[in-house]
Amino acid sequence: MGIFNKICLLLLILGGINWGLMGLFTFDAVGWLFGGTASLISRIVFTVIGAAALCAIPGLFAPGPDDAKSDGMA
């Protein structure tokens with residue numbers, strides 16, 4: 001896994017934790033950390049996390065280590 005994919009994964013994990021906090025406690029950690037959901041910094045963080053999600057989409061269709069057939073049997 002390349003460094004770019006690791007950064008995307010980290011951002012997706014942070015975004016998922018934030019969504020979990022929103023769902024369970026109606027607490028927006030990004031908004032709290034950066035001065036509200038409408039602040040410029042919060043909007044940038046949300047945009048970067050969204051871009052990471054878009055960059056991760058091709059990884060869903062990439063062959064994984066289990067897809068390699070080393071023994072030639074199906």
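A quick note: this is a predicted structure, and the numbers were derived from the prediction, not measured.
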Novice: Check for me, please, whether I3 and L10 land in the same ILVMFWY cluster - side-chain distances under 4.5 Å, paths through other members count.
Specialist: no
Novice: Applying side-chain hydrogen bond (donor to acceptor under 3.5 Å, both in side chains) as the test, list every pair that has at least one member in residues 42-59; sequence neighbours left out.
Specialist: S39-S42
Novice: If the condition is side-chain contact (heavy atoms from CB on, under 4.5 Å), which residues does I49 pass it with, not counting sequence neighbours?
Specialist: L11, V45
Novice: Give me the atom names and distance for the closest heavy-atom approach of A56 to L12.
Specialist: CB-CD1, 3.6 Å
Novice: Taking only residues two or more places apart in sequence, or in another chain, which ones meet I57 in a side-chain contact (heavy atoms from CB on, under 4.5 Å)?
Specialist: L54, F61
Novice: Counting only pairs under 3.5 Å, give me each side-chain donor-acceptor contact of residues 19-36, with atom names and distances, residues two or more places apart or in other chains.
Specialist:
unit_1: D28; atom_1: OD1; unit_2: N18; atom_2: ND2; d: 3.0
unit_1: D28; atom_1: OD1; unit_2: V30; atom_2: N; d: 3.3
unit_1: D28; atom_1: OD1; unit_2: G31; atom_2: N; d: 3.4

Novice: Could you work out, with side chain to side chain donor-acceptor pair (under 3.5 Å) as the rule, every residue matching T37, not counting sequence neighbours?
Specialist: none
